[in-house]
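Okay, structure first, notes after.
Throughout, a chain's letter reflects where its sequence line sits, starting with A, and its residues are numbered from 1. It should be emphasised that the depicted structure is a prediction, and the values quoted were computed from it without experimental measurement.
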Amino acid sequence: MKQPDSIILMMADDDPDDREFVREAFEECGFRGDFRFVEDGADLIASLTASRSKEANLLPDMILLDLNMPRVGGYEALEFIKSDALLRKIPVVVLTTSESEDDIERTYEMGGNSFITKPAGFEGLVSMAENLTRYWLETVRLPGQN
Amino acid sequence: MAPGRARTYYEKGGTGRGARGRMGTTKSDEPARRDEADQEDRFRLIVESAPYGILVADSEGSIVMVNRRAEELFGYTREEFAGLGVEDLVPENRRSEHRDMRSGFAAHPELRQMGAGRDLYAVRRDGSEFPVEIGLTPLPEKDRMLFLASVVDITARKKVDEELRQYARELERSNSELESFASVASHDLQEPLRKIRTMGERLETRSGEHLDERGRDYLLRMIRASENMHQLIVDLLAFSRVTTRGEPFRLVDLNRPFGDVLTLLDVAIEESGAVVTARDLPAIEADEVQMRQLFQNLIGNAIKFRRDGVALSISIEGNVRAAGEGEICEVRVRDNGIGFEPCYGERIFQIFQRLHGKGKFEGTGIGLAICKKIVERHGGTIRAEGALGEGAEFIIELPKRAMAPDSRIA
């Protein structure tokens with residue numbers, strides 16, 4: 001496992017408020033790594049492509065992905081990630097305002113690892129951040145970590 | 001015009017038989033012949049007064065007899081019919097097909113409906129077409145085979161059918177508009193609301209101590225108001241989904257959704273000390289999820305509006321009775337809570353209607369409106385009886401066998 005301060009989180013969301021809330025929520029539950037942001041799917045793909053060509057170490061350990069974004073939406077980004085042999089190992093957590101059954105189903109069908117409807121209230125965000133950290137960053141084993 | 005006399009029949013080739021009127025037969029004056037003539041007159045009268053067109057053709061397709069309604073329908077007189085074959089009454093693009101089918105029918109004559117399962121059209125004298133339904137009957141005579149076609153003009157029925165279909169389409173569209181409105185509203189309205197809540201909480205945690213008591217109070221009330229609005233939107237969405245997201249009806253033993261609700265509400269039931277009993281709940285055709293919602297709202301309501309100092313008891317009683325061709329299932333949900341003034345019996349089912357100040361009881365005033373919508377989707381009724389301080393009773397009547405749910409009005 002990586003050292004806590006070398007963990008990279010990547011969040012793709014066009015809503016600056018949400019980006020701030022989520023970062024604060026992760027900090028609140030003790031996250032000490034690198035929190036990066038992009039504003040849409042196009043920037044996410046560009047950023048992943050750039051990191052991937054340098055070294056695997058620069059790739060994020062988890063991606064928080066909004067669905068509804070300008071230019072390139074969440075689904076397109078998800079498709080790009082899950083069709084790349086290296087990128088597909090990164091857990092992708094869809095974090096959206098949607099509660100739609102269709103979105104939930106489509107996310108998992110496309111290989112998304114979790115679907116979370118953005119919690120209302122800061123406490124909900126903190127407990128989400130805690131759960132995500134504990135599960136995806138501290139509990140599960142993912143390929144290529146040894 | 002006196003029907004059925006001298007020119008009831010037109011008969012090709014004019015054997016005289018068809019044109020024979022009363023005048024020709026009464027002279028002989030034999031009682032048997034008169035009976036026969038009377039009988040024939042009666043028969044003519046029946047044929048003439050039939051509300052549908054009657055055409056008799058021979059096996060060549062030549063028309064040998066028509067009634068008055070056929071004249072009206074097709075716009076030909078009897079004399080004009082004389083020179084026509086049945087194919088002249090068929091739209092041009094169907095004539096050869098009709099001829100083939102007629103030969104087939106002549107080879108295997110039997111009583112039947114023409115063109116079952118597809119639209120049939122006939123042509124008037126002026127070339128206009130109209131939709132018809134045609135019944136065919138073979139009429140064997142001594143030396144030949146005749147065929148009787150009874151022709152019903154279904155223009156009016158088709159118009160009604162089309163109107164119904166149009167109505168159903170509009171209904172479907174308005175339902176899906178409602179659904180998309182509700183889902184957009186719930187999504188886009190929740191968005192800013194979520195931020196108000198989150199920032200309010202952040203403000204309270206981070207700067208709460210710098211605010212005076214009044215400031216903190218404002219903040220808390222602001223957060224609470226945004227939580228209420230969140231609940232309103234969620235409930236509004238649930239209300240709109242009664243019709244748009246309903247499941248098809250299946251046979252449901254009502255004891256099952258009732259049992260589910262006891263489990264769902266077990267904390268509230270235990271805390272309130274309520275005794276909840278159910279008796280004689282039948283099985284009916286219904287949407288099980290919605291039956292659960294119905295019980296949950298009604299039992300939840302009874303718990304919420306309990307009377308202080310009185311042991312709460314909630315009883316649910318089923319009863320099935322015959323009504324017309326079917327059966328009606330009546331479910332009574334009775335409690336001994338605070339009740340309500342009878343004049344509000346109707347109003348409580350309206351959306352967002354509340355009888356009590358918001359400080360006293362929580363809720364958005366949508367639960368009973370959802371109940372009403374569920375019951376109506378099932379083709380039933382719900383009403384409330386009660387008196388202030390004497391408990392309330394909700395009486396639901398549902399058909400035991402449901403009609404198709406999704407043709408219903410939203």
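- Atom CG of A:D15 sits in a crowded spot, with more than 12 heavy atoms from other residues, nucleotides or ligands closer than 6.0 Å.
- For B:Y218, the OH atom counts as loosely surrounded, since its 6.0 Å shell holds 12 or fewer non-hydrogen atoms of other residues, nucleotides or ligands.
- The contact list for residues 18-26 of chain A toward chain B, using heavy atoms and a distance under 4.5 Å, reads A:D18, A:F21, A:E24 by residue number.
- Under a cut-off of 6.0 angstrom, the local environment of CZ in B:R206 is sparse, with at most 12 non-hydrogen atoms contributed by other residues, nucleotides or ligands.
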Distance-only donor-acceptor pairs under 3.5 Å for side chains of residues 291-305 of chain B, two or more places apart:
unit_1	atom_1	unit_2	atom_2	d
B:R292	NE	B:D260	OD2	3.4
B:N297	ND2	B:Q293	O	3.3
B:K304	NZ	B:E362	O	2.7

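- For the set B:R197, B:M199, B:E191, B:E201, the entry with the most heavy-atom pairs within less than 4.5 Å of chain A is B:E201.
- Annotation: B:E170, atom CD; neighbour count of heavy atoms from other residues, nucleotides and ligands within 6.0 Å is above 12.
- Taking a 6.0 Å sphere around CD of B:Q166, one finds it holds more than 12 heavy atoms contributed by other residues, nucleotides or ligands.
- In this structure, the portion of A:E28 lying under 4.5 Å from any heavy atom of chain B is its side chain and not its backbone.
- The NZ atom of A:K118 sits 13.0 Å away from atom CD of B:Q190, with the distance rounded to the nearest 0.5 Å.
- We find the CZ-OG1 distance between B:R194 and A:T97 to be 6.5 Å, quoted to the nearest 0.5 Å.
- Contacts between residues 122-129 of chain A and chain B, counted as heavy-atom pairs separated by less than 4.5 Å, involve A:F122, A:E123, A:L125.
- Crowding of B:Q350 atom CD: a count of heavy atoms from other residues, nucleotides or ligands under 6.0 Å exceeding 12.
- With sequence neighbours left out, the salt bridge (Lys or Arg N to Asp or Glu O under 4.0 Å) criterion links B:R214 to no other residue.
- The local environment of CZ in B:R256 is crowded, with over 12 non-hydrogen atoms from other residues, nucleotides or ligands closer than 6.0 Å.
- At most 12 heavy atoms of other shown residues, nucleotides or ligands fall within 6.0 angstrom of atom CD in A:E79.
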